Amino acid sequence: MIDSRVKFRHLQTFVEVARQKSVMKAAELLHVSQPAVTKTIRELEQVLGVDVFERDGRGIKITRYGEVFLRHAGAALTALRQGLDSVSQEQFADAPPIRIGALPTVSSRIMPRAMELFLKEKTWSRVKIVTGENAVLLEQLRVGDLDLVVGRLAGAEMMAGFSFEHLYSEQVVFAVRAGHPLLDDRQSPFAGFGDYTVLMPTRGSIIRPVVENFLIANGVSSLPNQIETVSDSFGRAFLRASDAIWIISNGVVAGDVADGRLALLPVDTGETKGPVGLTMRADAVPSLPQSILMQTIREAASEASL
């Protein structure tokens, strides 16, 4: 039997503190006072009989017991949201929403075609697509704010509680504007890297360590002039206006290269190849509309990888 002392506010507050890793930030988002958040967490700990958070320097971190409870608390909130959505569906003849997190590599290459195929199925489902760093999207998936993440496979330490379905493999490329000086240089492109601004993936992105190891292996130990970004729109605009070099997943710029707006430096990046696919919570059961959307993503990925 569920302990009647555990209320919705306990689960909501606990999940938000876990997500924000801060009582202050959680209080702001929940529109309550910090003492109220602290009191709610203490009440939950009394019911569970264990601490779910502990001090970590000036901040807090979730405990081992908290990690275990987070998986179930997140699932419980997700189930409640789905229940509310189902009632709304019955009341307004509207399908439940599908919330997708898409990394930049699939936002431009896979998702437009997947949505085109999905709309033909006439499920009338609402779809929300958000982009961002993989770590942020996976955290939103973990606590139930997203139903699915489409992108590169994350590291093993981030995949606990998730399942992954491989769709295709993709490598990193070095993109420049058409007519870039390094395209005509007979020397190795790495010899002149220090003379150009380099757009790098952010430190929170999956491909950042892959890129860093690849550069080191090719004699580039530091980049004096670099910009970190996950914005594909900024990357395209900046390359068109400069001689910068953009290190990015191939899927982000494949269309631009095919159209002749961008070009790729002659660098063999085969060793940077990694799996791209669908990540879900291991205990999640997709709705019928979500299952249909997942199938259209598979079909779009299959077309793109041909």
Side-chain angles (χ1 to χ4, degrees), residues 15 19 29 74 77-78 81-82 84-86 88-89 92 94-154 158-159 162-168 170 201-202 204-207 229-237 248-256 274-282 284-305:
V15 169
R19 182 168 57 178
L29 290 171
L77 289 178
T78 299
R81 290 192 188 99
Q82 291 175 342
L84 294 173
D85 289 337
S86 297
S88 176
Q89 176 186 0
F92 300 106
D94 194 11
I98 309 170
R99 299 158 301 172
I100 307 297
L103 269 67
T105 184
V106 299
S107 293
S108 56
R109 187 181 187 188
I110 304 299
M111 291 309 298
R113 176 57 176 161
M115 286 305 304
E116 179 184 353
L117 294 172
F118 179 70
L119 292 174
K120 291 180 180 179
E121 297 295 328
K122 299 185 186 300
T123 67
W124 313 118
S125 297
R126 290 172 290 141
V127 178
K128 177 181 179 181
I129 301 175
V130 299
T131 60
E133 291 185 352
N134 195 60
V136 175
L137 295 181
L138 287 182
E139 184 62 24
Q140 292 178 338
L141 178 64
R142 188 181 303 279
V143 301
D145 288 342
L146 292 176
D147 301 306
L148 177 71
V149 171
V150 190
R152 268 215 180 199
L153 174 64
M158 299 175 64
M159 289 299 293
F162 294 137
S163 63
F164 179 82
E165 177 185 338
H166 179 267
L167 297 179
Y168 63 96
E170 182 178 65
T202 60
S205 66
I206 297 175
I207 64 172
T229 182
V230 293
S231 171
D232 53 338
S233 58
F234 169 77
R236 291 187 180 91
I248 191 66
S249 294
N250 183 54
V252 177
V253 295
D256 302 276
V276 176
L278 309 175
T279 300
M280 293 178 55
R281 291 185 301 278
V285 178
S287 63
L288 178 58
Q290 182 180 332
S291 297
I292 294 173
L293 178 55
M294 290 170 64
Q295 181 57 34
T296 65
I297 293 173
R298 295 185 188 102
E299 294 176 14
S302 179
E303 292 177 7
S305 58

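The shown structure was predicted, so the numbers you read here are calculated from the model rather than taken from an experiment.
A distance of 10.5 Å separates CG of L148 from OG of S291, quoted to the nearest 0.5 Å. Taken to the nearest 0.5 Å, the CD1 atom of I248 stands 7.5 Å off from the CG atom of D232. Here the CZ atom belonging to F118 is positioned 6.5 Å from the CD1 atom belonging to I292, to the nearest 0.5 angstrom. Atom-to-atom distance recorded for M280:CE and L141:CG is 8.0 Å, nearest 0.5 angstrom. To the nearest 0.5 Å, atom CE of residue M158 and atom OG1 of residue T279 are 9.5 Å apart. Rounded to the nearest 0.5 Å, atoms CG (L167) and CG (L153) are 11.5 Å apart.
Inter-residue side-chain proximity for R142 and L138 is flagged as unmet; no heavy-atom pair is nearer than 4.5 Å. Contact of the V130 side chain with the R99 side chain is not registered, since no non-hydrogen atoms from C-beta on lie closer than 4.5 Å. Contact of the V143 side chain with the L77 side chain is not registered, since no non-hydrogen atoms from C-beta on lie closer than 4.5 Å. Looking only at side-chain heavy atoms (C-beta outward), I129 and M115 come within less than 4.5 Å of each other. R109 is listed as a side-chain neighbour of E170, based on a closest heavy-atom distance under 4.5 Å. With a 4.5 Å cut-off on side-chain heavy atoms, P275 and H166 count as touching.
Using a distance-only test at 3.5 Å, with no hydrogens or angles considered, no donor-acceptor pair links the side chain of N134 to the main chain of S205. Between the R152 side chain and the I207 main chain, no donor and acceptor come within less than 3.5 Å of each other. For the pair S287 (side chain) and Q290 (backbone), a donor-acceptor distance under 3.5 Å is present. Between the T229 side chain and the S231 main chain, a donor and an acceptor come within less than 3.5 Å of each other. Remark: the backbone N or O of R298 is not paired with any side-chain donor or acceptor of S302 at under 3.5 angstrom.
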message: Applying side-chain contact (heavy atoms from CB on, under 4.5 Å) to L117 and Q295, what does each step give before you reach the verdict?
response: CA-CA 9 Å; L117 294 172; Q295 181 57 34; over 6 Å; no
- prompt: How far apart are the C-alpha atoms of V149 and L103, what are their side-chain angles, what is the distance that settles it, and do they pass the side-chain contact (heavy atoms from CB on, under 4.5 Å) test?
  reply: CA-CA 8 Å; V149 171; L103 269 67; 4.1 Å; yes
- prompt: Step by step, would you call L137 with Q140 a side-chain contact (heavy atoms from CB on, under 4.5 Å)?
  reply: CA-CA 5 Å; L137 295 181; Q140 292 178 338; 3.8 Å; yes
field: Chi angles and distances behind the side-chain contact (heavy atoms from CB on, under 4.5 Å) call for V106, I297
entry: CA-CA 10 Å; V106 299; I297 293 173; over 6 Å; no
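Scanning both residues, G151 and F164, for their nearest heavy atoms gives O-CE1, 4.0 Å. Of all heavy-atom pairs between M159 and A154, the closest is CG-O, 3.7 Å. Contact between S107 and A102 at its shortest, heavy atoms only, is OG-O, 3.4 Å. Taking both residues in full, the closest heavy atoms of I110 and A301 are given as CD1-CA, 3.7 Å, listed atom of the first, atom of the second, then distance. Summarising the geometry of G144 relative to R281, their closest heavy-atom pair is CA-NH1, 3.7 Å, with the distance given to 0.1 Å. For the residue pair V127 and I100, the shortest heavy atom distance occurs at CG1-CG1, 4.5 Å.
There is no side-chain donor-acceptor pair under 3.5 Å between T296 and E121.
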